[in-house]
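Let me begin by presenting the structure, written as structure tokens, before commenting on it.
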There are 2 protein chains.
Amino acid sequence: MQKYTNAKKVLVATDCIIFGFDGWNLKLLLVQRNIEPEIGRWSLMGGFMEPDESPDAAANRVLEQRTGLKNVYMDQLRVFGNPDRDPVERALSIAYFALIDIHQYEKQLSDEYHAEWFLLDEVPELIFDHNEMLKLAHKQLMYKAALHPILFQLLPEKFTIPQLQALYEGVFETKFDDRNFSRKLLSTGLLVKLNEKDKQSSKKGAFYYTLDKSHYIKNFNAFLNLVPNPDKFF
Amino acid sequence: MQKYTNAKKVLVATDCIIFGFDGWNLKLLLVQRNIEPEIGRWSLMGGFMEPDESPDAAANRVLEQRTGLKNVYMDQLRVFGNPDRDPVERALSIAYFALIDIHQYEKQLSDEYHAEWFLLDEVPELIFDHNEMLKLAHKQLMYKAALHPILFQLLPEKFTIPQLQALYEGVFETKFDDRNFSRKLLSTGLLVKLNEKDKQSSKKGAFYYTLDKSHYIKNFNAFLNLVPNPDKFF
DNA sequence: CCAAAAGTGTTTCCGATACACCCATGT
DNA sequence: ACATGGGTGTATCGGAAACACTTTTGG
């Protein structure tokens, strides 16, 4: 069969903006670039797509190779394709953002992969257009988290309401009213209370909760304002 | 400077899902494919990206070449990259969706470009993964339209509230309560009432409105449910 | 006993819904 | 005059926000 002979090919990479939560602050995982140019500068986790794999597969493969992480929550952000975004050679990048539980991988990431967590407002100058990617990813994270319960991906299996609130406050960079926050979250039907308390952060201790996964899928879509009965559509 | 020698390139295309509104129904613009294979089958507006242009520029250029349309509302949807999505050759496609005012281009499109409008529920079998793209685009359109006033892009400069309501009903495939709908839309502060009536559709006639563009930008973001004062974030 | 954090209760307000009715006008 | 669609009014309900208080327990 004939091919599209007069069309020109380009390199395609994937870059991944990896968010984590340490219990107090939202953080970003970065590595130091190991090839020229810009070797040693901080960078998102990136790599090239193989022609025989899908972008999603490529993003997952690159993520695993560079961090050991598997089966994490990932979302395609968008394509970055400014013609001069990569000074070496024309290359598109398909940006993804990922949400992981920091503690589950902390040692492995720093020891084996020399990746480092940064506070969002202490992120250094990154290579290429990675700062722009990060900015968009954070915006998208806020946007999506305001509509869907995705932030649970950043927490361990068991978590307390105050932890959850700290997470939301970190992501949205605001304070929430404690009493309204807990009631609002509990009213979603997504949380299951455990008979166990976390005594780390206070004398009284806060009850642990887990996510009710059946409700998670059912309640993933909710509350769009304009349309009556929005559940129907999504 | 050295290049990324061991990375393999791929073809990158853009495809555009073009929505229009004829006053009653939401419609989709399609063309018949003019190259082998699948010649003659219905297809979205697509074309290959040149290496020296950005994806957005490519999508706009392709759109103009195939329809004559310029300066229309366009949004990147996502990359479609299943390895076997194009049987001819490995190719990614960056999907966009566009919103246009049907009447402004009706003749031009059919006469010069042989493009045709289809009702959404009468869309034929399309080439490749274009049906899947359409499905996602429609979902995305509903999603975004529920949160932002983008549907005005589908209407002419002057429009009536009943027209606007028909549009929303078309996009969401539901009926809205007339009285609540007009009040809700008027309360956004986006509409400017004109001293002129459209007498086409009724004896009484319905007042024309235009979009207040200053408010449009200011009110583009609104009303995300979980977060207090969401305006701040977007 | 007290400080510090967790958790529950109450009031107010606004927007969403569900209704019924009046208005303008071409036939 | 009347049918047809356009437009406004109103009562009700529920969720969001603002605020105060009680509970628990380690020191």
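Letters go in sequence order (proteins before strands), and every chain restarts at 1.
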* Structure fact -> Separation of dG6(D) atom C1' from Leu185(B) atom CG, nearest Å, is 15 Å
* To do: Send over the distance from Asp198(B) CG to dA24(C) P, rounded to a whole Å.
  => 18 Å
* Checking Gln153(B) side chain against Val72(B) main chain: does a donor-acceptor pair fall under 3.5 Å? -> no
* Structure fact -> By salt bridge (charged side-chain N to carboxylate O under 4.0 Å, His left out), Asp101(A) pairs with (sequence neighbours left out) none
* How does protein contact run along nucleotides 3-11 of chain C, one letter per nucleotide 5' to 3', with B for base contact, S for sugar-phosphate only, - for none, heavy atoms under 4.0 Å? -> --BBSBBB-
* Asked: If you draw a 6.0 Å radius around NZ in Lys144(B), do more than 12 non-hydrogen atoms from other residues or ligands fall strictly inside?
  -> yes
* In whole angstroms, how far is the P atom of dA18(D) from the NZ atom of Lys184(A)? -> 10 Å
* Hey, is Glu157(A) close enough to Lys213(A) for a salt bridge, meaning N to O under 4.0 Å? -> yes
* When you match Ser187(B) and Asp177(B) each to their closest nucleotide on DNA chain C, which lands nearer the 5' end? -> Ser187(B)
* Structure fact -> Taken in chain and number order and not counting sequence neighbours, the residues that satisfy side chain to side chain donor-acceptor pair (under 3.5 Å) with Asp212(A) are Ser214(A), His215(A)
* Send over the distance from Phe176(A) CZ to dC19(D) P, rounded to a whole Å. => 17 Å
* Asked: Relative to the ring of Tyr168(B), is the ring of Phe172(B) parallel (under 30°), tilted (30 to 60°) or perpendicular (over 60°)?
  -> parallel
